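Here's the structure we're looking at; comments come further down.
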Amino acid sequence: MGAYDESYRRSLDDPHGFWLDAAEAISWTRPPTRAIDATDGPIYRWYPDGVLNTSYNALDRHVEAGHGDRTALIYDSPVTGTGATFTYAELRDEVARFAGALASLGVGKGDRVIVYMPMVPEAVVAMLACARLGAIHSVVFGGFAPRELAARIDDATPKVIVAASCGIEPTRVVEYKPIIDEALRISQHQPEHTVVLQRPQAEATLGEHDLDWTDLTAKAEPADPVPVDATDPLYILYTSGTTGKPKGVVRDNGGHAVALAWTMRNVYDIGPGDVWWTASDVGWVVGHSYIVYAPLLVGATTVLYEGKPVGTPDAGAFWRVISEHGVKALFTAPTAIRAIKKVDPEAAELAKYPMESFRTLFLAGERLDPETYHWAHEHLGVPVVDHWWQTETGWPIAANPRGLEPLPTKPGSATVPMPGWNVQILDAYGKELLPQQEGAIAIKLPLPPGALPTLWGDDQRYIDSYLKEYDGYYLTGDGGFIDEDGYIFVMGRTDDVINVAGHRLSTGSIEAVVAANAAVAECAVIGVHDPLKGQLPRALVVLKAGASVSEETLRDELVAAVRREIGPVAAFRDVSIVDALPKTRSGKILRRTMRGIADGRDEPVPSTIEDPGVLDALRPVLRPVLGSQEG
Ligand code: COA
Ligand code: AMP
């Protein structure tokens, strides 16, 4: 048996032994004697008697071990033309001082803090400062509109918001303060303060409850790490569900630290002193796990990149970063590679940057299409590793464990399940399917450490959303199959979640905005294939009787509304007026069937369809989209 098989088997046969051994990579205030607590099943808790501090594990312990001079974080910001480097000792001091600043505002263990910041080092400092105090951070991505921010403020009820005055997109400076002010106007809950990091590109005007980051921090005393229970929440990260209301995914302290440290070594083959780069955003789970926590937990150097893959300044932006900082492995979304490939199909820019340090490209966040896989492999000359995970899981469900035992890669597959993930393919009745048979991808409970224990303040929603469909399993929402070698092929979501440029969105929330337009009688929003962003949202709209708006005017109105209500990140531009929407006899709109037709699949028409003629009339409207995009 190889190292992978051995680890995987042991993790399922002896989860206690496997995960207690893994826990030794973490410094505990009180080491756990038990791995899993199943007394509240199906809500499981990992390391119920363990006590630790995650910020201490990410920073102080490396300094105490004599590695204070090692580089912890490299900030590289082509959009501002600036950069900075922080050693472990420097980052610890920044974090301790900002933790003191938060404590001076009354923030303590269990309090929530919303972090609304772009890719600046202070975002990492704010997250780790919360962790240091045992406070719970909730980072909100900068591309969301005020209403989305307000929904998160009302659910998390933070004591303080920590923000920057602006974020920088290639074409514009995004002022954050007006977005926060508008969110606070809408939200019921009012935090006591907003701490604002002033950036020179657009300084914010501060109101009576606002505090300047620099002034506040200058007056603060450094704070020590506060020991917390392993089961205490470290953060809440909101993600799109099938309804408009975002789900507050909870991450605990102990299981998270153990799982991430395990993956850094065994999946990504990264250890102390290695330079690791995740090109994502701290607002997404990939950013939480692999820009901030995992690399620091193992004493590696993490690159924090504020820019895009292309146009900052050119298609060689990524290769420059790898070359300049000696990056050993890069983790990003396939869409970023497609963006580079589009403007530099022959990868001419690569020749300018020697990349001897570079060993592996890791891709996740959406399906890795074989064309992108082959392009990256051919031009970069390193293994291209697809791996599959979700905000809920916090770390890869399926991957190629490069550190433990590199396995052959197969285009289209995220390789094999990682330890603790008992992945099964189920049919509609919950029967486990055989190799090659496609069905719902589910995971037998309990989930391993690091996966969500619940949703914030809503155990019932956690059970209803993930555990109810199949007794004893977690429903991933993805469909796919496993081949004879045990390789997992993830084919896409089976629900109304879509993935736009690696960003997860709910078609339900876009539909709610579209439906609110006075001219709209009913609508459906589906995700359709896009060669660059993977998927794009597309609205099919039936007008109210007597409404005489043109398709162009309606499109302008709806695009503006989605941008205003959800945010630019929805990348919503596609609106078609149609005569009717296909439905079942009970009135359910056949979104999945339309999606299949738009993507060129031979989707079976459900026998419950009310009027097949409606679907036939729609086929030409749906199909040309695919044709024009592929061409
Ligand atoms: N703050 C404000 N606006 C933002 C934003 C942010 N943090 N991030 C994106 N936006 C805006 C963009 O400016 C764009 O606005 P526009 O409609 O005015 O042009 C819109 O949201 C759509 O953004 P996006 O879909 O990201 O398109 P893009 O053209 O800006 O970039 C990619 C496309 C592929 C280069 C980029 O999405 C990317 O690098 N993605 C891969 C990495 C990643 O972050 N993955 C996440 C999980 S791993
Ligand atoms: P998020 O929660 O934003 O990380 O999005 C999770 C969803 O992204 C998953 O449920 C999948 O639909 C999709 N996804 C992530 N990684 C992959 C992958 N490697 N292959 C296919 N789909 C993926």
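Model, not experiment: these values are computed from the prediction. Both ligands and their constituent atoms are indexed starting at 1 by order of listing. Side chains are part of it too, since the values below use all heavy atoms of this structure and drop only hydrogens, waters and symmetry mates.
Each of Leu426, Val423, Leu467, Asn422 was evaluated against Tyr473; a single residue qualifies, Leu426, per the side-chain contact (heavy atoms from CB on, under 4.5 Å) test.
Among His503, Glu306, Lys533, Glu366, the residue whose heavy atom lies closest to atom 44 (O) of ligand 1 is His503. Remark: among candidates Glu169, Met117, Lys308, the nearest residue to atom 11 (C) of ligand 1 is Glu169, based on non-hydrogen atoms.
At a heavy-atom cutoff of 4.0 Å, ligand 1 is contacted by the side chain of Pro309 but not by its backbone. Contact annotation: for Glu366 versus ligand 2, heavy atoms closer than 4.0 Å belong to the backbone alone. Residue contacts with ligand 2 for Asn499 involve side-chain atoms from C-beta outward but no N, CA, C or O (heavy atoms, distance under 4.0 Å). Within the 4.0 Å heavy-atom criterion, neither part of Arg504 lies near ligand 1. Contacts between Trp284 and ligand 2, counted as non-hydrogen atom pairs separated by less than 4.0 Å, are absent for every part of the residue.
Taking distance alone, with nitrogen or oxygen atoms compared against 3.5 Å, Arg563 approaches ligand 1 more closely than that limit. In terms of polar-atom proximity, Thr332 is not counted as a contact of ligand 1, lacking any N or O under 3.5 Å from an N or O of the ligand. For the pair Arg172 and ligand 1, the shortest N or O to N or O distance falls below 3.5 Å. Below 3.5 Å of separation, one finds an N or O of Arg493 facing an N or O of ligand 2. Among the atoms of Thr239, none of the N or O lies under 3.5 angstrom from an N or O of ligand 2. Residue Asp386 has at least one nitrogen or oxygen atom sitting less than 3.5 Å from a nitrogen or oxygen atom of ligand 2, judged on distance alone. The distance criterion of under 3.5 Å between nitrogen or oxygen atoms is not met by Asp281 with respect to ligand 1. Ligand 1 has no nitrogen or oxygen under 3.5 angstrom from a nitrogen or oxygen of Tyr176.
Near His387, meaning under 4.0 Å from one of its heavy atoms, ligand 2 places the atoms 16 (N), 18 (C), 19 (N). The atoms of ligand 2 that sit less than 4.0 Å from any heavy atom of Gly365 are 8 (O), 13 (C), 14 (N), 15 (C), 16 (N), 17 (C). Close approach of ligand 1 to Gly143 (heavy-atom distance below 4.0 Å) involves ligand atoms 1 (N), 2 (C), 3 (N), 4 (C), 5 (C), 6 (C), 7 (N). Less than 4.0 angstrom separates some heavy atom of Ala279 from each of these atoms of ligand 1: 42 (C). When each atom of ligand 2 is checked for a heavy atom of Thr391 under 4.0 Å away, the hits are 1 (P), 2 (O), 3 (O), 4 (O). Distances below 4.0 Å separate heavy atoms of Val490 from the following atoms of ligand 2: 21 (C), 22 (N).
Between the side chain of Glu349 and the main chain of Ala315, no donor-acceptor pair closer than 3.5 Å is present.
Of the protein's non-hydrogen atoms, Thr335 OG1, 3.4 Å is the one closest to atom 34 (C) of ligand 1. The shortest contact between atom 22 (C) of ligand 1 and any protein heavy atom is with Pro568 O, 3.5 Å. For atom 8 (N) of ligand 1, the closest non-hydrogen atom on the protein side is Phe141 CZ, 3.3 Å.
In summary, the aromatic rings of Trp277 and Phe362 are positioned with their centroids too far apart to meet the 6.0 Å limit. Between Trp388 and Trp421, the distance separating the two ring centers is not shorter than 6.0 angstrom. Ring-centre distance between Trp284 and His288: not below the 6.0 Å cut-off.
With a 4.5 Å cut-off on side-chain heavy atoms, Trp276 and Met264 count as touching. Counting heavy atoms from C-beta outward, His256 and Tyr235 have side chains that approach closer than 4.5 Å.
The salt bridge (charged side-chain N to carboxylate O under 4.0 Å, His left out) search around Arg563 returns none, not counting sequence neighbours. With sequence neighbours left out, the side chain to side chain donor-acceptor pair (under 3.5 Å) criterion links Gln390 to Tyr474, Asp478.
Between Trp375 and His379, the two ring planes are tilted [angle within 30° to 60°]. Using bins of under 30°, 30° to 60° and over 60° for the plane-to-plane angle, the ring pair Tyr8/Tyr4 lands in the parallel bin. Ring geometry for Phe318 versus Tyr305: interplanar angle over 60°, hence perpendicular rather than tilted (30 to 60°).
By the 6.0 Å and 45° rule, Arg199 does not stack over the aromatic ring of Tyr176.
Within 6.0 Å of CZ on Arg320 lie more than 12 heavy atoms contributed by other residues, nucleotides or ligands.
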